[in-house]
Amino acid sequence: MSNAQWHPTNYRTHTLGQIQSEGSDLIGQEVTIAGFLHASRGKGAICFADLRDGTGMTQIFAKSDSLGEEKLSLLQSLNRESTIQATGTVAEKRPPKVKEGETPPPPAYEVLVSDLHVIASAEAPLPLGVTDTVSVGLDTRLDNRFLDLRRAHVNAMFRLRGKVLQYGREHLINEGFVETHTPKIVATATEGGTDLFPMQYFDTPAYLNQSPQLFKQLCMSGGLERVFEVGPAFRAEKHDTYRHLNEFISFDIECSWADDNDVMGVLERMIHHIWKSIAHDDECKSHINTINDYRATQDEEPIEVIVPELPFPRVEYDDAIRIIKEKGGKIEWGDDIDAENSDLLAEDLPQFYFLPRWPMDLKPFYIHQVEGETGSTGRQLSRGFDLNFGRDELTSGGQREHRIDILCENLKDMGLDPEEFEFYVAGFRHGVPPHAGWGLGVERILMKLTGASNVRETVLFPRDRKRVCP
RNA sequence: GCCCGUUUGGUGUAGAGGUUAUCAUGCAGGAUUGUCAUUCCUGCGACCCGGGUUCAAUUCCCGGAAUGGGCGCCA
């Protein structure tokens, strides 16, 4: 299952995955394994128990003559999900009976146990069943997330999340980006567009940062050339939807000597790399299969990793408005494109698509504008863009305003005081490269990859309007 | 913030103004079994809170709380 190198630990000589993958070489050998008691069968003179760890499953087989009466009945009386350590010899499992015409499964291996220790017994009943066929409400699941995570398809989701981040990082590093971290505790108020969580920083009022935006830009002024950051962003919006969280992880980049088109290129190449790598990674394929096995029990269509073609379609704002109007959507030039109108737009766009050249009025003060670039109504366009998938916005980005006089004007136009942003504005006073960047919602891209219909599925311990615990 | 829905064993559900409150899963006990999320038998366990209408409310009405969905805003 995993390409990782598993060294023996104090509690086990082999992982359960190793018992299966290296089983033919281990036959007759004594091993010590450990795991969760997934299921057990047999209350008589013998007992079969399935053990599960982070690498796979293995059956242990216990008989009174090899394990002893006392430990056999201990195993038989143990509640499922208890953790145990077992020692015994590896053997090939007897193949299961198969119906005529069916192909027998590949050989599997089991451990004939000679010794057993209960590490931590599980209380019954479980707040939610790890192997139960009954479905469980999201709230119950999140209240008992540690147990929910033991379910195979939920576990697979978070292993895929790690892979998305890994391949994303890998790509950006290959394009010369340096991983950075910017502060999450900030003194200035909002850069616009959202409410912030206030907090007390010793004697000074402060906030949790809504994005690394302003600091990424200072890195450009600092000559770091190309930076990326994977970190939390906090928004105090009281939204309650399938796609919003009050704490989410943003995959952010900022790139010097580049415009909006240049960083759209970085973004589509990175997403292409992530999708392609996942489609070719055996571990990822197995996670996708696990998710699809679960989806089948819920009568949901299987998910498929379709590597998107490069370049992604680009639909400029001006054209988007025209297309939406042609399709009968209610919208005027200058309006934001809401979810319903995005549905109309996405009818002819199966996967990712860029929406470049938004009206300057709809974009934050730090977005660049090129004089003379106006839309069909004659109003000023910006070098800001979105990346959508279907109705959902995954990324917001653009070329940044590096001209200090225009930057200060933009601040004033949006009702902000340049003096409050002095720490930021100062970065433009002593030479600065033209630069561009974007922020990608990790949870949202994971939703697209895994078919999750709620963003909370993609976060271990989601923070939403009603939940700060666990 | 606005609109709509839901709330029944540990979990997920069915249902009705008067029922022994359904089913599955789980749990307990027993039988069986080189099993394959074992099979079979027996048992255990529930109507969100407050007020109102009624002879009678878990069921109808009002309020609250919790929860699900849609919208706005955003990533």
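Computation of the quantities below employed the complete heavy-atom set of this structure, encompassing side-chain atoms and omitting hydrogens, waters and symmetry-equivalent molecules. Letters go in sequence order (proteins before strands), and every chain restarts at 1.
- Comparing the C1' positions of B:G63 and B:U53 gives a spacing of 15 Å, expressed to the nearest Å.
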Check against salt bridge (charged side-chain N to carboxylate O under 4.0 Å, His left out), A:E268 and A:R314 | CA-CA 11 Å; A:E268 63 190 349; A:R314 283 149 169 80; 3.0 Å; yes
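- Going from atom CG of A:L147 over to atom C1' of B:G10 covers 12 Å, rounded to whole Å.
- A:R243 has its CZ atom 6 Å from the P atom of B:C71, to the nearest Å.
- Side-chain atoms of A:Q85 and A:T32 include no donor-acceptor pair closer than 3.5 Å.
- In a base pair of the Watson-Crick type (N1 to N3 plus N6-O4 or O6-N4) or a G-U wobble (N1-O2 and O6-N3), with each distance short of 3.5 Å, B:C73 is matched with no nucleotide.
- A:T241 comes within contact range of at least one nucleobase, with a heavy-atom separation under 4.0 Å.
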Take A:R467 and A:D139 through the test salt bridge (charged side-chain N to carboxylate O under 4.0 Å, His left out) and record every step on the way to the result.
-> CA-CA 10 Å; A:R467 182 178 289 279; A:D139 210 50; 2.6 Å; yes
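- Distance CG (A:D139) to C1' (B:A65): 13 Å, rounded to an integer number of Å.
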N/O contacts under 3.5 Å, protein versus nucleotides 1-8 of chain B?
residue	atom	partner	partner atom	Å
B:G1	OP2	A:K238	NZ	3.3

Run the numbers on A:D132 and A:R151 for salt bridge (charged side-chain N to carboxylate O under 4.0 Å, His left out), then give the verdict.
-> CA-CA 9 Å; A:D132 291 6; A:R151 305 202 297 164; over 6 Å; no
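- Comparing atom distances between the A:R444 side chain and each of B:U67, B:A75, B:G12 picks out B:A75 as nearest.
- Between B:G9 and B:A21, the two P atoms lie 15 Å apart (nearest whole Å).
- Of the candidates A:R456, A:R161, A:K448, A:R463, A:E443 forms a salt bridge (Lys or Arg N to Asp or Glu O under 4.0 Å) with just one, namely A:R161.
- B:U39: Watson-Crick or G-U partner is B:A31, with both key distances under 3.5 Å.
- Spacing of P atoms, B:C48 relative to B:U6, comes out at 14 Å, to the nearest Å.
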Show the numbers, then the answer: is there a salt bridge (charged side-chain N to carboxylate O under 4.0 Å, His left out) between A:K216 and A:E229?
-> CA-CA 9 Å; A:K216 292 192 297 186; A:E229 171 165 352; over 6 Å; no
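- When rounded to the nearest whole Å, the span between CD1 of A:I46 and C1' of B:U39 equals 13 Å.
- Side-chain atoms of A:N79 do not come within 3.5 Å of backbone N or O of A:E123 as any donor-acceptor pair.
- Here, B:A57 and B:C4 have their P atoms 30 Å apart, quoted to the whole Å.
- Residue A:D392 is out of contact with every strand shown, counting any heavy-atom pair closer than 4.0 Å.
- Counted by atom type alone, A:D318 and A:W333 present one or more donor-acceptor pairs between their side chains at under 3.5 Å.
- Interatomic distance, A:D53 CG to A:T83 OG1, rounded to the nearest 0.5 Å: 12.0 Å.
- The residue A:A339 sits close only to the backbone: its heavy atoms come under 4.0 Å of sugar-phosphate atoms, none of a base.
- Within the nucleic acid shown, A:Y242 comes within 4.0 Å of sugar-phosphate atoms alone, with no base atom in reach, counting heavy atoms only.
- A:E443 comes within contact range of no nucleotide atom at all, as no heavy-atom separation falls under 4.0 Å.
- At a threshold of 4.0 angstrom between heavy atoms, the contacts of A:E110 include nucleobase atoms, whether or not backbone atoms are also involved.
- Between the side chains of A:S114 and A:T87, no donor N or O sits under 3.5 Å from an acceptor N or O.
- Between A:Y424 and A:Y366, the gap from one ring centroid to the other reaches at least 6.0 Å.
- Here A:F248 counts as stacked on B:A75: its ring centre is under 5.5 angstrom from the base ring centre and the planes meet at under 30°.
- Of the side-chain N and O atoms in A:R391, one or more sit less than 4.0 angstrom from OP1 or OP2 of B:C71.
- The partner of B:A46 cannot be assigned: no Watson-Crick or G-U wobble pair with both contacts below 3.5 Å exists in any strand.
- Distance CZ (A:F352) to P (B:A75): 17 Å, rounded to an integer number of Å.
- Closest to the side chain of A:S396, out of B:A75, B:U35, B:C73, is B:A75.
- Rounded to whole Å, atom P of B:A66 lies 17 Å from atom CG of A:L138.
- Each of A:K93 and A:H244 was assigned the nucleotide of RNA chain B with the nearest heavy atom; the assignment lying further toward the 5' end belongs to A:K93.
- Along RNA chain B, the nucleotide closest to A:R467 and the one closest to A:S40 are compared, and the more 5′ of them pairs with A:S40.
- Regarding A:K466, its NZ atom lies at a distance of 10 Å from the P atom of B:G69, rounded to whole Å.
- Between A:N454 and B:G69 there is a side-chain polar atom (N or O) within less than 4.0 angstrom of OP1 or OP2.
- Contact between A:S82 and A:A122 at its shortest, heavy atoms only, is OG-N, 2.7 Å.
- A:T140 comes within 4.0 angstrom of the backbone, heavy atoms only, and of no base.
- Pairing for B:A66 is with B:U6, a Watson-Crick or G-U wobble pair whose two hydrogen-bonding atom distances lie under 3.5 Å.
- Nucleic acid contact class of A:L128 (heavy atoms, under 4.0 Å, all strands): none.
- A distance of 6.0 Å separates CE of A:M270 from CD1 of A:I445, quoted to the nearest 0.5 Å.
- The separation of B:C41 from B:C55, taken at their P atoms, amounts to 47 Å, rounded to a whole angstrom.
- Within the shown strands, nothing qualifies as a pairing partner of B:U59 under the Watson-Crick or G-U definition with both distances less than 3.5 Å.
- Among the heavy atoms of the strands lying under 4.0 Å from A:L245 is at least one base atom, whether or not backbone atoms are also near.
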Expected rows: protein N/O vs nucleotides 25-27 of chain B N/O, under 3.5 Å:
residue	atom	partner	partner atom	Å
B:U25	O2'	A:D132	OD1	3.4
B:U25	O2'	A:D132	OD2	2.9
B:G26	O3'	A:R80	NH2	3.3
B:C27	OP1	A:R80	NE	3.2

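- Only the C1' atoms considered, B:U59 is 13 Å distant from B:U7, to the nearest whole Å.
- A:D335 has its CG atom 12 Å from the P atom of B:G72, to the nearest Å.
- Contact check, A:S250 against B:A75: no side-chain N or O comes under 4.0 Å of OP1 or OP2.
- Taking the C1' atoms as reference points, B:G51 lies 34 Å from B:C44, given to the whole Å.
- Taking atom P in both B:U58 and B:G18, one finds a spacing of 11 Å when rounded to whole Å.
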